[in-house]
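See below for the structure under consideration.
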Amino acid sequence: MFRRTVRLVAALTLAAAATLVATVTSAAPAHADGCYTWNRQLSEGMSGEDVRQLQIRVAGYPGYNAVLTIDGAFGPGTRAAVTRFQQAYGLGADGIAGTQTFNRIYALQDDDCTPVNFAYSELNDCNSDWSGGAVSAATARANALVNMWKLQAMRHALGDQQIRVTSAFRSHACNNAVGGSASSRHLYGDAVDLGAGPHSLCTLAQQARNHGWREILGPGYPGHSDHTHVAHKSSRTWSASSCGVS
Ligand SMILES: [Zn+2]
């Protein structure tokens, strides 16, 4: 009887302690982001999924005429992109992603991992499931996410004024309906057409050279008098002769 009571008290004490630990843990100051939370400082030479997640967020900071490889390996290109991101937001620019850098990213992203000023729905007015393109739906959607982070970087560089997306992902059916090229990057989810708004089409085409797009087509290129097209591509194709972009 006595032994059973002791065991019961011990069990209740353990349960209370577990509850206390759970309460303390959830109230801890460590940031828990709705999309993704980094748990260690990241610097050159490291690798992993957390590096890859970081690379997506700084993909818009590769420097002029460059593209950041998103491969989960923190090399010199990633260090330079992190440094540019830090400079863009007035943080200590050391190329090492720590608490300040991650907190800035948390403030910039929604719970679905898109940057605050862009949304999946904006990058796909063709269908709701990203199917029917030249790549799997998951790949098309992932490509669109990287493009949104590039757009967020360009938006910030241009004074945080709106950038208007007029067309992005297209299935083959949607691409045919608008007379798009059979090899259009829109079929891959990694092309975005931008309309004039606060910024002219030429301002967009010129600024895009700094944010990781190998394909830029704008005013002066056939069929592009009313939008500037930016996309990922293996080789560089810049053509907006009316804007001095070539
Ligand atoms: Zn286009």
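Counting convention: from 1, in listed order, for ligands and their atoms alike. Here the structure is a predicted model, which is why all the values come from computation and not from measurement.
In summary, the side chains of H229 and E215 do present a donor paired with an acceptor at a separation below 3.5 Å, with no hydrogens or angles considered. In this structure, a donor-acceptor pair under 3.5 Å is absent between the side chains of H156 and N117. No side-chain donor from either of R155 and Q161 sits under 3.5 Å from a side-chain acceptor of the other.
For R52 and D71, the salt-bridge test fails: no basic side-chain N is under 4.0 Å from an acidic carboxylate O. Using a 4.0 Å cut-off between charged side-chain N and carboxylate O, K150 and D190 make no salt bridge.
Legend: disulfide bond (SG atoms under 2.5 Å apart) pairs involving residues 151-202, not counting sequence neighbours, sorted by first then second residue: C126-C174, C202-C243.
Protein N/O/S atoms found under 2.8 Å from the Zn ion (ligand 1): H186 NE2, D193 OD1, H229 ND1.
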